[in-house]
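Notes for the one structure printed next.
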Amino acid sequence: QVQLVESEGGLVQAGGSLRLSCAASGRSFYSYTMGWFRQAPGKEREFVAAIRLSDGTPHYADSVKGRFTIARNSARNTVWLRMNSLNQGDTAVYYCAAKPSTSATMSYDYWGRGTQVTVSS
């Protein structure tokens, strides 16, 4: 049974930093891409960042480029999202997700339960 478990989010002041992690289990994820999405109140879920686990190639949404960094461990079963220079627009529930890297769509097969990140002024 595949499981994606996000670390606890938190409350951080604007300008601060936070790191989220996502631990994957239940299968080999070598040929998978893992991503982070977020959903703010009243808004649709949006892509944040993704990383291809086989070679570590990252992708970022324009809104977080230069501020967020995604990385994975050598075992390719954990990813981190380092978030710097946070602003109130980053407040959302953050979700970890996974899909086969060969998938041509943005549709992810597996999802975590989400973790709340709140940025205060």
Side-chain angles (χ1 to χ4, degrees):
Q1 180 181 354
V2 172
Q3 282 193 314
L4 302 179
V5 180
E6 300 102 340
S7 60
E8 190 171 336
L11 173 65
V12 62
Q13 284 192 323
S17 299
L18 195 64
R19 190 181 80 160
L20 302 178
S21 65
C22 175
S25 62
R27 63 159 296 135
S28 170
F29 287 88
Y30 179 85
S31 60
Y32 272 61
T33 292
M34 290 184 68
W36 287 95
F37 291 75
R38 66 186 181 186
Q39 187 167 19
K43 294 187 177 181
E44 292 189 354
R45 187 160 54 191
E46 64 174 358
F47 170 77
V48 175
I51 188 166
R52 190 163 58 199
L53 294 182
S54 60
D55 63 6
T57 301
H59 296 279
Y60 299 96
D62 289 342
S63 60
V64 306
K65 275 181 184 176
R67 300 189 299 123
F68 290 13
T69 302
I70 190 169
R72 58 49 161 140
N73 68 344
S74 59
R76 296 175 177 85
N77 58 7
T78 300
V79 296
W80 296 276
L81 184 69
R82 176 69 178 182
M83 304 182 290
N84 295 328
S85 302
L86 286 161
N87 58 61
Q88 289 180 287
D90 297 315
T91 294
V93 177
Y94 284 70
Y95 297 90
C96 176
K99 67 169 184 173
S101 295
T102 54
S103 173
T105 73
M106 285 296 292
S107 178
Y108 280 66
D109 295 336
Y110 304 107
W111 292 85
R113 299 183 68 176
T115 187
Q116 178 69 47
V117 172
T118 303
V119 183
S120 64
S121 59

Less than 4.5 Å apart, any side-chain heavy atom of Met83 and any of Trp36? no
For [X], enumerate each residue passing the side-chain contact (heavy atoms from CB on, under 4.5 Å) test, keeping only those at least two apart in sequence or located in another chain.
| X | result |
| --- | --- |
| Ser63 | Arg38, Ala61 |
| Arg67 | Val64, Ser85, Asn87, Asp90 |
| Thr118 | Leu11, Thr91, Gln116 |

Can you see which heavy atom on Glu6 is nearest to which on Cys96, and at what distance? OE2-N, 2.9 Å
With rounding to the nearest 0.5 angstrom, report the [atom1] to [atom2] distance, [X] to [Y].
| X | Y | atom1 | atom2 | value |
| --- | --- | --- | --- | --- |
| Tyr60 | Leu81 | OH | CG | 8.0 Å |
| Ser107 | Lys99 | OG | NZ | 8.0 Å |
| His59 | Ile70 | NE2 | CD1 | 10.0 Å |
| Tyr108 | Met34 | OH | CE | 9.5 Å |
| Arg72 | Ser54 | CZ | OG | 7.5 Å |
| Arg76 | Phe29 | CZ | CZ | 14.0 Å |

Listed by chain and number, what are the side-chain hydrogen bond (donor to acceptor under 3.5 Å, both in side chains) partners of [X], not counting sequence neighbours?
| X | answer |
| --- | --- |
| Arg27 | Tyr32 |
| Ser101 | Thr33 |
| Asp55 | Arg52, Thr57 |
| Gln39 | none |

Partner residues of Lys43 under the salt bridge (charged side-chain N to carboxylate O under 4.0 Å, His left out) criterion, sequence neighbours left out: none
Not counting sequence neighbours, list each pair that qualifies as a salt bridge (charged side-chain N to carboxylate O under 4.0 Å, His left out) and has a residue in residues 102-116. none
Quick one: ring-ring contact (aromatic ring centres under 6.0 Å, His included) pairs with a partner in residues 77-103, sequence neighbours left out? none
Name every donor-acceptor pair, under 3.5 Å, that has one atom in a side chain of residues 15-24 and the other anywhere in the protein, sequence neighbours excluded.
from	atom 1	to	atom 2	distance (Å)
Ser17	OG	Asn84	OD1	2.8
Ser21	OG	Ser7	OG	3.4

With Phe47 via ring pair (Phe, Tyr, Trp, His ring centres under 6.0 Å) - residues at least two apart: Phe37
